[in-house]
Amino acid sequence: MNENPHARAQHLLAESAVEGLGKADEAWLREHLAGCVDCAREAVTATELLHALRSAPVSVPRDLAARTQLRVRLRAHEVSKAASGSLLLWLVTAASWLLGVFSAPLVWKVFSWMGSIVGVPKLVLEVGFVLWWTVPALVAVAVVLQQRALNAGAKGI
Ligand SMILES: [Zn+2]
């Protein structure tokens, strides 16, 4: 290493303040500081500056920790409420789909029975049957969109 020994000493001084030095570097620095007045003065100044910085009082509001804990608890409560709300929505949606699948043959029989009694055209029966399937899904989509809008509104406050 062809580095200027004074520059190396400054570099090692900075490094020792941050992360410490290896034994070889520390020995080299100690030896250099013993023989170099300028670098020794820099080292003393840096040490005093660091000491002054570390002892400077940092003012933090006394209730900062309590306020932070309260904020974290409120946020956790909000998140758990939202999660349980969406879980409920998923359960209701799944139940709706299962009910729709298992009741489809029965519903079709009811529709065709009503069609034969009332004399409703087959097209109207088919449209009614399709609506039987799509209306719950559309309601679920509307609920999800409304919930998102409410959550977005709550975050905006
Ligand atoms: Zn030096």
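In listed order, ligands and their atoms are each counted from 1. Keep in mind that the numbers below use all heavy atoms, side chains included, and drop hydrogens, waters and symmetry copies. Residue numbers start at 1 and run along the sequence shown.
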Presence of salt bridge, Glu78 and Arg75, under 4.0 angstrom =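 Counted as a salt bridge, because a side-chain N and a carboxylate O are separated by less than 4.0 Å.
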request  = Measure the CD-NE2 distance between Gln10 and His32 for me, rounded to the nearest 0.5 Å.
outcome  =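 One finds 7.5 Å between CD of Gln10 and NE2 of His32.
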request  = Could you pull out the closest heavy-atom pair between Phe111 and Leu125, with the gap in Å?
outcome  =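 Between these two residues, the closest heavy atoms are O-CD2, 3.1 Å.
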query = Minimum heavy-atom separation for Trp132 to Ser103, with atom names?
reply =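 In this case the closest contact between Trp132 and Ser103 is NE1-OG, 4.0 Å.
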message = What count do you get for protein N, O or S atoms closer to the Zn ion (ligand 1) than 2.8 Å?
response =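 Under the 2.8 Å cut-off, the count stands at 4.
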key: Exceeds 12 heavy-atom contacts within 6.0 angstrom, atom CD of Glu31   =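 It does not: Glu31 CD has 12 such atoms or fewer within range.
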task = If you link ILVMFWY side chains whenever their heavy atoms are less than 4.5 Å apart, which other residues fall into the same cluster as Trp28? By chain and number, please.
result =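 Leu12, Leu13, Leu21, Leu29, Leu33, which link up through side-chain heavy atoms under 4.5 Å apart, make up the rest of the cluster.
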